[in-house]
Amino acid sequence: MNDPLGPLCSIGELARRTGLTVKAIRFYSDQGIVPPAGRSPAGYRLYGADALARLDLVRTLRELGVGLPDIRKVVARELSLSEVAAAHADALAVQIRTLRLRHAVLTAVARRDSSPEEMDLMHRLARLSEDERRRLIDDFLDSVFAGSAGSARSGAFVGIRRSFTPELPDNPEPEQIAAWVELAELSQDGEFRAVVRRLVEHLEAEQEGARGGGPRPGLVPAVRELVGPVLAAGIEPGDGAAAPVVEALLAHDVHVLTRLEAVNDPRRERYTELLAVINGWPAPESLAPVLDWAVEALRVRG
């Protein structure tokens with residue numbers, strides 16, 4: 001028996017040529033995706049040459065995750081192949097993002113030996129939408145900059161706030177997602193918020209002092225400049241040779257110890273490290289060595 005597309009073949013022959021099972025071909029046939037072109041005298045289904053092309057297309061689309069309703073529309077020419085491909089590419093992008101988020105959470109849980117409560121929090125943080133992420137960070141920044149006159153009128157403070165803001169890209173790498181989850185969790189820490197709030201107050205005091213002829217701004221750069229050489233020389237904080245550096249620090253600001261203790265909080269440095277990962281910035285220089293030395297020297301000085 002022949003048809004315009006070539007000789008007809010049995011379902012068994014079609015299965016042999018496509019590598020699909022007879023059961024699968026019968027299923028697609030019953031769904032109207034690969035209809036038979038005719039019947040044998042005994043009533044068995046017979047298929048034309050177009051069935052082979054259709055089944056190849058069906059198998060490819062199924063392997064790509066396309067559902068039967070869309071496949072049926074493609075073979076019936078109700079939808080173009082490009083339309084279906086675009087829709088499923090978008091759906092896959094969402095699935096990939098979801099898998100990345102899950103991977104980030106599970107990796108963080110494994111590394112930190114997290115409790116079930118911590119894992120639940122990290123999972124919820126990872127699933128936040130872009131708007132929800134921005135609201136969460138805005139709430140954190142609003143709380144630490146609240147009441148700061150400088151934040152309202154100073155371009156410098158606008159820049160400082162921006163420098164504290166994570167911007168997760170549209171297609172983040174797994175390490176950026178993991179960093180976002182950790183940073184979001186850190187931003188909800190009330191003690192850390194208090195530390196950052198003190199830092200903001202100190203920065204504002206520096207700006208006010210500079211305008212009024214008081215202590216010069218830039219405590220951290222000053223500490224790096226003063227402490228770096230003695231630290232490199234191996235001078236201990238309690239050595240007599242450390243006295244000139246301590247006096248210079250005290251001359252910079254009488255509240256220098258309180259301020260450096262806030263700056264030296266390890267959570268602040270961790271926040272800046274996570275920001276760099278999320279925003280794709282260069283890794284920040286660790287200030288811990290010079291800050292540790294300065295804090296200890298000031299405490300020894302009493």
With Arg268, the side-chain contact (heavy atoms from CB on, under 4.5 Å) member among Val263, Val196, Leu186: Val263

Quick one: side chains of residues 243-251, donor-acceptor pairs under 3.5 Å with protein atoms, not counting sequence neighbours, listed by atom name and distance.
{"unit_1": "Glu247", "atom_1": "OE2", "unit_2": "Arg301", "atom_2": "NE", "d": "3.0"}
{"unit_1": "Glu247", "atom_1": "OE2", "unit_2": "Arg301", "atom_2": "NH2", "d": "3.2"}

Of all heavy-atom pairs linking Val277 and Ala179, the shortest is CG1-CB, 3.8 Å

Presence of salt bridge, Glu273 and Arg270, under 4.0 angstrom: yes

For Arg59, which residues count as a salt bridge (charged side-chain N to carboxylate O under 4.0 Å, His left out) partner, sequence neighbours excluded? Asp56

Side chains of Ser10 and Tyr47: donor-acceptor distance under 3.5 Å anywhere? no

Separation between OH (Tyr271) and CG (Leu274), nearest 0.5 Å, reads 9.0 Å

Arg45: salt bridge (charged side-chain N to carboxylate O under 4.0 Å, His left out) partners, not counting sequence neighbours: Asp30

Taking Glu269 for its side chain and Leu287 for its backbone only, find out whether a donor-acceptor pair lies under 3.5 Å. yes

Contacts of type salt bridge (charged side-chain N to carboxylate O under 4.0 Å, His left out), residue Arg54, not counting sequence neighbours: none

Checking Arg197 side chain against Glu201 main chain: does a donor-acceptor pair fall under 3.5 Å? no

First locate atom CG of Leu275, then atom CD of Glu167, and finally report the distance between them rounded to the nearest 0.5 Å. 10.0 Å

Heavy-atom closest contact (Ile278 atom, Gln176 atom, distance): O-NE2, 3.0 Å

Just grab all the salt bridge (Lys or Arg N to Asp or Glu O under 4.0 Å) pairs involving residues 183-195, residues at least two apart or on different chains. Arg112-Glu185, Asp139-Arg193, Asp189-Arg267, Glu191-Arg267

Got a sec, which residues hit side-chain contact (heavy atoms from CB on, under 4.5 Å) with Ser82, two or more places apart in sequence or on another chain? Ser80

Could you check whether Arg16 pairs with Glu13 (Lys NZ or Arg NE/NH1/NH2 to Asp/Glu carboxylate O, under 4.0 Å)? yes

Using the salt bridge (Lys or Arg N to Asp or Glu O under 4.0 Å) rule, take Glu261 and Arg198 through it: C-alpha gap first, then chi angles, then the decisive distance, then the call. CA-CA 10 Å; Glu261 285 174 336; Arg198 288 196 297 274; over 6 Å; no

How far does CH2 of Trp293 sit from CG of Leu260, to the nearest 0.5 angstrom? 11.5 Å

Please round to the nearest 0.5 Å and tell me the distance separating atom OG of Ser40 and atom CD1 of Ile11. 11.5 Å

Roughly how far, to the nearest 0.5 Å, is CG of Leu141 from CZ of Arg161? 4.5 Å

Measure from the side-chain N and O atoms of Asp292 to the backbone N and O of Pro289, and report whether any donor-acceptor pair falls under 3.5 Å. no

Using every non-hydrogen atom in the two residues, find where Ala37 and Gly48 come nearest and quote the distance to one decimal. CB-N, 3.9 Å

If I compare all heavy atoms of Gly12 with all of Val22, which pair ends up nearest, and what's the gap? CA-CG2, 4.3 Å

Which of parallel (below 30°), tilted (30 to 60°) and perpendicular (above 60°) describes Phe140 and Phe192? parallel

Rounded to the nearest 0.5 Å, what's the gap from CH2 on Trp180 to CZ on Arg133? Could you check? 6.0 Å

